[in-house]
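Data first, discussion second: the structure below is written as C-alpha cells.
In what follows, chains are A, B, ... by sequence order, proteins preceding strands, each numbered from 1.
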Amino acid sequence: MSKLQPVRGTRDIYGQLAYRHHHIIDTSFEVCRRYGYDRISTPIFEFTNVFLRSIGETTDIVSKEMYSFEDRKGESLTLRPEGTAGVVRSLISNGRFQELPLKQFYAGPMFRYERPQKGRYRQFHQIGAEYLGAEEPRSDVEAISMAFNVLQALGLDKSISLEINTLGDEDSRSAYRDALVAYFAKYKNDLSADSQMRLEKNPLRILDSKNETDKEISSQAPAFEAFLNASSKTYFENVCKGLENLGLSYVLNDKLVRGLDYYSHSVFEFVTNELGAQGTVLAGGRYDGLVQQMGGKPTPAIGWAAGIERLEMLMPDLAEDLPVTMMMPIGETTFSEAEKLMHDLRSAGHKVISDYAGNLKKRFARADKVGAKLAIILGEEELSKNVVMLKNMKTGEQDEVEINQLEKKIRENHES
RNA sequence: GCGGGUGUAGCUCAGUUGGUUAGAGCGCUGGUUUGUGGUACCGGAGGCCGUGGGUUCAAAUCCCAUCAUUCGCCCCA
C-alpha cells in the first residue's frame, strides 16, 4: 500500500467515474457550442508571471497554493491553478483582438496545493467558458443562462440554486473598500485572525467569513449599495432584468465575493447544499480589467468555470449507451469466420465484443454481466449452413439468420 | 496551514476484557456430464489487519510516529 500510491490529492479516473467525467465535458461543450463557443486548449503550465499578474498576488491561490518550479533553464513555470489566465494570455499572445468577440470553451486539469477533501483535489478538473469582448449586460445574462443550461443538460438544475452579486466598477469598489477598512478597523481586535489578515489584503472577503463574531460585525458593515455609482447600479439592474426576462430565478447575495482579484460588476455562483463545504459547483463573473492588466488592449469579458469532480458527485450513475452484441464462436474451426463477421459489423458501426472461453453457460452469464442486447452463436453446424443463431438476450428468442442478412437484422433490432 | 474521525480480502464491513491456523456478505473463479444466461446448490482463490517503531510471554486489538482518507476551519470549482 505504501509503495505505489498516487500523489496526495490526485486520483485515477476510470470506470463509472470516467463515464461521468467525459459525459460532463461532452454535454457541456454541446450546450456551449449552441451559443457560438469554440474549444480552446491552452498549455497546462505557463510562466509563473501569467498567474501572478492575473489572479492577484495577495490571493491564497497565488501566495500559497501554486505548483511552481524552475525548468532546466531556470525559468519559473507554474501548473495552471485556473483556466482564465491562460485563455487571456492566449488572446494576447496570438493577437486575436481583431477576432473579438471570442467565445471559448475549455476543459482540463488544474492544480492547487490545498488540503484534500471530498470534492477537493490537488489535481482537479474544470470546464469553463470565457466570453472575451463581451460588453453589454446582455452578455452577462447570456453567460449565466448558458451556465444554467449546462447544469440543466446534466440533470442538476434541481439540486442547485443561483446566487448573484455585483462588485461594481473600479471606482465603486475602491470607494467601498476604503469604507470597509475604516469600519472594520474599529473592531480589529475582535475579528478572527484570518479576518485581521484580510483587512490588509482583501477586506471584501471579511464579508464572506464563516466565523460567528465576524458575521456579527459584518452585519453592521456599510452596504455596498451606497457606494455603487450610477452606471454600475444601472448595469447590474439590467443584468437582473435580463435574468428575469429568461425566467431564471436567482438570489441576491451581497456577501458574495469572488476570491480572484480580477472580477468586477457581476459575479455569480451556482451552489448546492449536498456537498458540505464544497457547495460551490459553478462560479464566475465579469473581469473587464484583466486583459489590459495583462498587457492587452482594454477588453471587457465575462466567464465561469465549474468543478468536474463536484458535478460528478451530484450525478446519478451512467450506463453504456451503445447496444452491445456478444459474439460466441464454438470450436476453433469457426473462429476465423467469427473474426471476419465482427470486423464487418464494427465497420458498419456496431459495438461487438467476443467471448471465446468456456462453455456456453459461462459465456451467457458473462454476456449478461456486460449488458449485451444480442448474442451471436456460431458453431460448426451454423457455419456449414452459412447462418448464425441470433439471440435477443432480453426476450430469450433466438433465430437462424443468414450471414449476409446479419448486419441488417442487428440494425433492425436496435431500431425497434 | 489548523482541529477532529477513520484505515482489517477487489468492494461494504464484523472481530468480544490483548490469547492458538483473522471472519461474513457481495464480487471473482471452478463444478452440478454433451451447444444456451439472468435463479438454486457445492467447491476454490484472495489478507505483511495502511506503514514504521514501542509496551507485553502474547498485539488487528494498547502507546508513539508516519502516510492516506474523511469532516469542519481556511480557500475555492
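- Residue contacts for A:Lys361: at a heavy-atom cut-off of 4.0 Å it reaches a base atom on one of the strands shown.
- Among the protein residues, A:Glu382 comes within range of the nucleic acid bases, having at least one heavy atom under 4.0 Å from a base atom.
- Atom CZ in A:Arg122 sits roughly 12 Å away from atom C1' in B:C67 (whole-Å rounding).
- Looking at which nucleotide of RNA chain B each of A:Asn392 and A:Arg120 is closest to, the 5′-most match is held by A:Asn392.
- Applying the ring pair (Phe, Tyr, Trp, His ring centres under 6.0 Å) rule to pairs touching residues 120-150 of chain A yields A:His21-A:His125, sequence neighbours excluded.
- Across every strand in view, B:A59 sits unpaired, with no contact that passes the Watson-Crick or G-U test at under 3.5 angstrom.
- Under the Watson-Crick and G-U wobble criteria, each requiring two contacts below 3.5 Å, nucleotide B:A22 is left unpaired.
- Rounded to the nearest Å, the gap between the P atom of B:G27 and that of B:A58 is 42 Å.
- Among the protein residues, A:Ala365 comes within range of the sugar-phosphate backbone only, with heavy atoms under 4.0 Å from sugar or phosphate atoms but none that close to a base.
- Between the C1' atom of B:G72 and the CD atom of A:Glu114 lies a distance of 15 Å, rounded to the nearest Å.
- Base pairing analysis places B:A68 opposite B:U6; the two distances defining the Watson-Crick or G-U wobble pair are each below 3.5 Å.
- Other residues, nucleotides and ligands contribute over 12 non-hydrogen atoms within 6.0 Å of the NZ atom of A:Lys215.
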Do any N or O atoms of the protein come closer than 3.5 Å to N or O atoms of nucleotides 26-28 of chain B, and which pairs are they?
from: B:C28; atom 1: OP1; to: A:Lys369; atom 2: NZ; distance (Å): 2.2
from: B:C28; atom 1: OP2; to: A:Lys369; atom 2: NZ; distance (Å): 2.9

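- To the nearest angstrom, C1' of B:U69 lies 15 Å from CG of A:Asp12.
- When both pairing distances are held under 3.5 Å, B:G1 makes a Watson-Crick or G-U pair with B:C73.
- Residue A:Ile308 is classed as having no contact, given no heavy-atom separation below 4.0 Å to the nucleic acid.
- Only the P atoms considered, B:C28 is 42 Å distant from B:G4, to the nearest whole Å.
- Figure legend. B:C28 is base-paired to B:G44; pairs are counted as Watson-Crick or G-U wobble with both atom distances under 3.5 Å.
- Residue A:Lys391 places a side-chain atom within donor-acceptor reach of the base of B:U36, judged by atom type and a 3.5 Å distance cut-off alone.
- For the P atom pair drawn from B:G7 and B:C64, the interatomic distance equals 16 Å after rounding to whole Å.
- At B:C67, none of the side-chain N or O atoms of A:Arg8 fall inside 4.0 Å of OP1 or OP2 (strictly under the cut-off).
- The side chain of A:Ile377 approaches B:U36 more closely than any other nucleotide in the set B:A77, B:U36, B:G37.
- With rounding to the nearest 0.5 Å, the separation of CZ in A:Arg80 from CZ in A:Phe111 is 7.0 Å.
- The nucleotide B:U39 finds no pairing partner, because no Watson-Crick or G-U wobble arrangement with both distances shorter than 3.5 Å includes it.
- In this structure, A:Tyr113 has its ring center under 6.0 Å from that of A:Tyr67.
- For B:G31, one of the phosphate oxygens OP1 or OP2 lies less than 4.0 angstrom from a side-chain nitrogen or oxygen of A:Lys362.
- For A:Arg205 and B:C74, a side-chain-to-base donor-acceptor distance below 3.5 Å is absent, hydrogens and geometry of angles not being considered.
- Taking atom C1' in both B:U6 and B:G50, the straight-line distance is 11 Å, to the nearest Å.
- Of the inter-residue distances, the one linking A:Glu130 atom CD with A:Gln104 atom CD reads 8.5 Å to the nearest 0.5 angstrom.
- Ionic pairing of A:Arg411 and A:Glu407 is present here: one or more N-O contacts between side-chain nitrogen and carboxylate oxygen are shorter than 4.0 angstrom.
- A:Gly119 comes within 4.0 angstrom of a base, heavy atoms only.
- For residues 361-389 of chain A, the side chain to side chain donor-acceptor pair (under 3.5 Å) pairs, not counting sequence neighbours, are A:Thr333-A:Glu380, A:Asp355-A:Arg366, A:Lys385-A:Glu400.
- For A:Glu332 and B:G35, the CD to P distance is 15 Å, given to the nearest whole Å.
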Using the 3.5 Å cut-off, write out each protein N or O paired with an N or O of nucleotides 3-7 of chain B and the distance between them.
from: B:G3; atom 1: O6; to: A:Arg115; atom 2: NH2; distance (Å): 3.2

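- Separating the CH2 atom of A:Trp304 from the P atom of B:A77 is a distance of 13 Å, rounded to the nearest angstrom.
- For the residue pair A:Arg173 / A:Ser232, no side-chain donor-acceptor distance below 3.5 Å is found, with atom types taken as modelled.
- The gap from the C1' atom of B:U17 to that of B:C62 amounts to 12 Å, rounded to the nearest Å.
- In this structure, the aromatic ring of A:Phe364 is not positioned over the six-membered ring of the base of B:G38 within 5.5 Å between centres and 30° between planes.
- The partner of B:U16, taking Watson-Crick or G-U wobble pairs whose two distances both stay under 3.5 Å, does not exist in any strand shown.
- To the nearest whole angstrom, the two C1' atoms, one in B:C73 and one in B:A14, are 34 Å apart.
- Between A:Arg310 and A:Glu269 no salt bridge is recorded (no basic side-chain N to carboxylate O distance below 4.0 Å).
- At the heavy-atom level, A:Gly9 lies under 4.0 Å from the strands shown only through sugar-phosphate atoms.
- Atom NZ of A:Lys409 sits in a sparse spot, with 12 or fewer heavy atoms from other residues, nucleotides or ligands closer than 6.0 Å.
- Checking A:Asp140 against A:Tyr235 by side-chain atom types alone, a donor-acceptor pair falls below 3.5 Å.
- If you check residues 394-402 of chain A against RNA chain B, the residues with a heavy atom closer than 4.0 Å are A:Gly396, A:Gln398, listed by number.
- Distance, A:Glu65 CD to B:C2 P: 15 Å, rounded to whole Å.
- Under the salt bridge (charged side-chain N to carboxylate O under 4.0 Å, His left out) criterion, A:Glu136 pairs with no residue, sequence neighbours left out.
- A donor-acceptor pair under 3.5 Å links the side-chain atoms of A:Trp304 to the main chain of A:Ala143, judged by distance alone.
- In this entry the distance linking CD of A:Glu312 with C1' of B:A77 reads 12 Å, nearest Å.
- No engagement by A:Met110 is indicated, since no non-hydrogen atom pair under 4.0 Å with the nucleic acid exists.
- Ion pairing between a basic and an acidic side chain is recognised when a charged N comes within 4.0 Å of a carboxylate O; A:Glu244 and A:Lys241 show no such pairing.
- Nucleotides B:U51 and B:U61 place their P atoms 11 Å apart, quoted to the nearest Å.
- Nearest-nucleotide positions on RNA chain B for A:Leu275 and A:Glu269 put A:Leu275 closer to the 5' end.
- The salt bridge (charged side-chain N to carboxylate O under 4.0 Å, His left out) test with A:Glu312 singles out one residue from A:Arg20, A:Lys118, A:Arg11, and that residue is A:Arg11.
- The CZ-C1' distance, from A:Arg366 to B:G37, rounds to 11 Å in whole Å.
- Annotation: B:C49 and B:A22 have their C1' atoms spaced 8 Å apart (nearest Å).
- The CE atom of A:Met326 lies 11.5 Å from the CG atom of A:Leu374; values are rounded to the nearest 0.5 Å.
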